Amino acid sequence: LVMSVNLSSQQFRDQSVIDTVHHALSTSGVRPSTFQLEVSEATLMDPRSPDPEQLLRRLHALGVRLAIDNFGTGSSSLSCLRQLPLDVLNIDRRFIAGLGSSRDDEVIVRAVLNLADAFAVDAVAEGVETDAQRTWLADAGCRLAQGYLFSRPVDAAAAEAILREQVGRVR
């Protein structure tokens with residue numbers, strides 16, 4: 001399992017975020033490889049973000065996974081993708097909502113899946129709400145998805161119960 005945490009643009013611009021993440025990892029006992037930080041595409045492209053590439057490299061050096069959230073909705077360049085130490089592209093829910101009804105959304109989702117594959121990073125479909133969307137994504141080669149189809153937001157105790165139930169089914 002991977003625990004994902006979204007960083008706000010304000011947190012991303014604060015250079016103490018590296019110390020905060022390091023402290024959280026060392027005090028919690030969480031393995032860095034199971035901890036993922038998500039930064040929105042808009043935050044990465046924000047001119048107020050001081051040297052996002054360097055900050056991401058320092059965070060990645062801690063061993064955490066890095067994801068671009070809401071990929072495809074901002075104005076990132078492909079050269080940005082090439083330079084950043086990323087592990088995951090999160091496909092924005094707006095494109096997932098159109099699967100099965102919008103050829104344009106389907107083309108975009110396939111393109112992002114191909115980009116992720118070419119850059120050897122994972123792709124996560126956000127906002128999956130129907131079996132039809134899940135099936136389309138699986139047929140397109142998307143292995144990871146999140147959304148209401150799987151669970152509404154729950155508190156920690158309910159999440160633990162869900163995980164225990166799922167582990168029992170896998171064994």
Side-chain angles (χ1 to χ4, degrees), residues 1-12 33-46 49 52-53 56 59-60 64-171:
L1 294 176
V2 174
M3 170 64 73
S4 292
V5 175
N6 288 64
L7 287 179
S8 70
S9 57
Q10 182 178 0
Q11 290 169 315
F12 189 74
S33 62
T34 65
F35 188 75
Q36 179 172 291
L37 294 171
E38 298 186 6
V39 181
S40 75
E41 182 179 12
T43 297
L44 286 174
M45 299 298 108
D46 187 337
S49 295
E53 182 181 352
L56 289 176
L59 288 166
H60 206 252
V64 300
R65 294 172 49 87
L66 298 172
I68 293 183
D69 203 16
N70 305 325
F71 185 76
T73 60
S75 58
S76 67
S77 69
L78 296 180
S79 66
C80 170
L81 267 181
R82 184 183 66 202
Q83 296 170 2
L84 298 176
L86 298 172
D87 302 292
V88 179
L89 296 179
N90 288 349
I91 306 169
D92 190 82
R93 66 183 351 101
R94 287 173 272 195
F95 303 121
I96 304 306
L99 295 179
S101 62
S102 168
R103 184 181 178 288
D104 291 343
D105 287 343
E106 291 173 358
V107 167
I108 290 169
V109 171
R110 283 189 199 282
V112 174
L113 291 171
N114 287 333
L115 272 174
D117 187 52
F119 284 108
V121 299
D122 290 328
V124 176
E126 296 183 317
V128 177
E129 295 184 0
T130 68
D131 281 318
Q133 290 169 337
R134 178 175 57 182
T135 299
W136 190 99
L137 289 160
D139 290 347
C142 185
R143 300 180 307 107
L144 303 171
Q146 63 186 45
Y148 289 165
L149 178 65
F150 308 105
S151 176
R152 296 274 179 177
V154 296
D155 63 21
E160 184 177 346
I162 291 168
L163 291 172
R164 286 187 193 286
E165 177 184 327
Q166 294 300 319
V167 169
R169 281 196 231 171
V170 172
R171 290 184 181 169

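Heavy atoms only: backbone and side chains are in, while hydrogens, waters and symmetry mates are out. Here the structure is a predicted model, which means the values were calculated and not measured.
- Here the closest non-hydrogen pair linking C142 and L144 is SG-O, 3.2 Å.
- By the 4.5 Å heavy-atom criterion applied to side chains, V112 and F71 are counted as neighbours.
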Walk me through whether L113 and I91 qualify under side-chain contact (heavy atoms from CB on, under 4.5 Å). CA-CA 9 Å; L113 291 171; I91 306 169; 3.9 Å; yes

Check against side-chain contact (heavy atoms from CB on, under 4.5 Å), L1 and L163: CA-CA 10 Å; L1 294 176; L163 291 172; 3.7 Å; yes

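- Rounding to the nearest 0.5 Å places CZ of F12 at 9.5 Å from CG of L37.
- Salt-bridge annotation for E106 and R110: absent, with no side-chain N of the basic residue lying under 4.0 Å from a carboxylate O of the acidic one.
- When all heavy atoms of I96 and E126 are compared, the pair lying nearest together is CG1-O, 3.1 Å.
- Looking only at side-chain heavy atoms (C-beta outward), V154 and I162 come within less than 4.5 Å of each other.
- Under the salt bridge (Lys or Arg N to Asp or Glu O under 4.0 Å) criterion, D131 pairs with R134, sequence neighbours left out.
- Within the 3.5 Å criterion, the main-chain N or O of L66 finds a donor-acceptor partner in the side chain of D87.
- Scanning all heavy atoms of the two residues, the minimum distance from D105 to G98 falls at OD2-CA, 3.2 Å.
- With a 6.0 Å radius and a threshold of 12 heavy atoms from other residues, nucleotides or ligands, Y148 has its OH atom at or below the threshold.
- The shortest non-hydrogen separation linking R65 to V88 is NH2-CG2, 3.1 Å.
- The minimum heavy-atom distance linking R93 with G127 is given by the pair NH2-CA, 3.5 Å.
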V109 vs W136, test: side-chain contact (heavy atoms from CB on, under 4.5 Å). Steps then yes/no. CA-CA 10 Å; V109 171; W136 190 99; 3.6 Å; yes

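- The minimum heavy-atom distance between E160 and R164, with the atom names listed, is OE2-NH2, 2.5 Å.
- A donor atom on one side chain and an acceptor atom on the other are found under 3.5 Å apart for N90 and E38.
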